[in-house]
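Keep in mind that what you see is a predicted model, and the values were worked out from it rather than measured.
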Amino acid sequence: MELLTNHRTFGATTIAAIYKDRWQIELFFKAIKQNLRIKTFVGTSENALMIDIWTARIAMLIIKFLQAKSKFGWSVSNLVAFLRWNLFTHRDLWAWIDQPYDVLPLEPLSVQLMPPFT
């Protein structure tokens, strides 16, 4: 393999390490685009981009943690899709992540407390 570069002072192993690290960055952004469906960044300043990247990293870490803790054997894309579909459903996360196809009761239990003056 022959690589062309304008950094004539760097050795071949250093250039290879730079390309390897760059490829890891490319894979990270590919995972963000595929799993989190982020097509563009919210801001254009350096600070806004850093916030967007760190938010995506935190989201990916939470998803990977849920994937590791579940007994169901989720793929990352399926877990993200199911979380998106069940976002506004009141369920116990740890029970759902192990048994996602269990049916919820039709009548949810009331959690609202009555005021003391009635």
Side-chain angles (χ1 to χ4, degrees):
M1 181 185 294
E2 194 170 316
L3 297 174
L4 296 176
T5 181
N6 58 356
H7 295 286
R8 303 215 186 266
T9 58
F10 292 162
T13 56
T14 305
I15 298 294
I18 290 171
Y19 275 99
K20 185 177 178 182
D21 290 343
R22 181 185 167 132
W23 185 248
Q24 293 300 317
I25 294 169
E26 294 290 334
L27 291 177
F28 169 70
F29 281 106
K30 179 182 175 186
I32 288 174
K33 288 171 119 180
Q34 285 181 343
N35 295 322
L36 300 180
R37 293 187 186 172
I38 296 174
K39 302 299 178 197
T40 60
F41 289 111
V42 177
T44 55
S45 69
E46 181 182 350
N47 191 36
L49 290 176
M50 292 303 286
I51 290 171
D52 289 345
I53 290 170
W54 278 103
T55 304
R57 290 183 77 182
I58 291 168
M60 287 299 290
L61 280 172
I62 291 171
I63 290 166
K64 292 280 190 174
F65 176 75
L66 292 174
Q67 180 189 23
K69 284 293 192 177
S70 77
K71 299 172 188 165
F72 185 70
W74 293 96
S75 68
V76 173
S77 59
N78 284 346
L79 181 58
V80 170
F82 272 75
L83 285 171
R84 196 175 283 132
W85 291 336
N86 291 294
L87 188 60
F88 294 109
T89 305
H90 181 73
R91 298 180 88 168
D92 178 24
L93 177 65
W94 298 114
W96 173 80
I97 205 148
D98 291 333
Q99 299 170 343
Y101 295 112
D102 284 354
V103 179
L104 286 174
L106 292 176
E107 187 65 34
L109 298 173
S110 177
V111 293
Q112 183 173 354
L113 298 174
M114 296 303 294
F117 53 83
T118 58

Could you walk me through whether Trp96 and Leu83 pass side-chain contact (heavy atoms from CB on, under 4.5 Å), step by step?
-> CA-CA 10 Å; Trp96 173 80; Leu83 285 171; 3.6 Å; yes
Quick one: do Phe72 and Trp94 end up in the same hydrophobic cluster if we chain Ile, Leu, Val, Met, Phe, Trp and Tyr together by side-chain heavy atoms under 4.5 Å apart?
-> yes
Would you say Phe82 and Leu61 are hydrophobically clustered, going by side-chain heavy atoms of ILVMFWY under 4.5 Å?
-> no
Linked, directly or transitively: Phe28 and Ile62 (ILVMFWY side chains, under 4.5 Å) | yes
Write out all pairs satisfying salt bridge (Lys or Arg N to Asp or Glu O under 4.0 Å) with one or both partners inside residues 17-29, taking only residues at least two apart or from two chains.
-> Arg22-Glu26
Between CD1 of Ile53 and CD1 of Ile25, what distance do you get to the nearest 0.5 Å?
-> 9.0 Å
Sidechain-backbone polar pair: Trp74 side chain, Ile97 backbone, donor-acceptor under 3.5 Å = yes
Remaining members of hydrophobic cluster (4.5 Å side-chain criterion), Leu27 = Trp23
CH2 (Trp54) with more than 12 external heavy atoms under 6.0 Å | no
Looking only at heavy atoms, what is the nearest atom pair of Ala31 and Met60, with distance?
-> CB-CE, 4.3 Å
Looking at Asp98, Leu79, Leu93, which hits side-chain contact (heavy atoms from CB on, under 4.5 Å) with Ser70?
-> Asp98
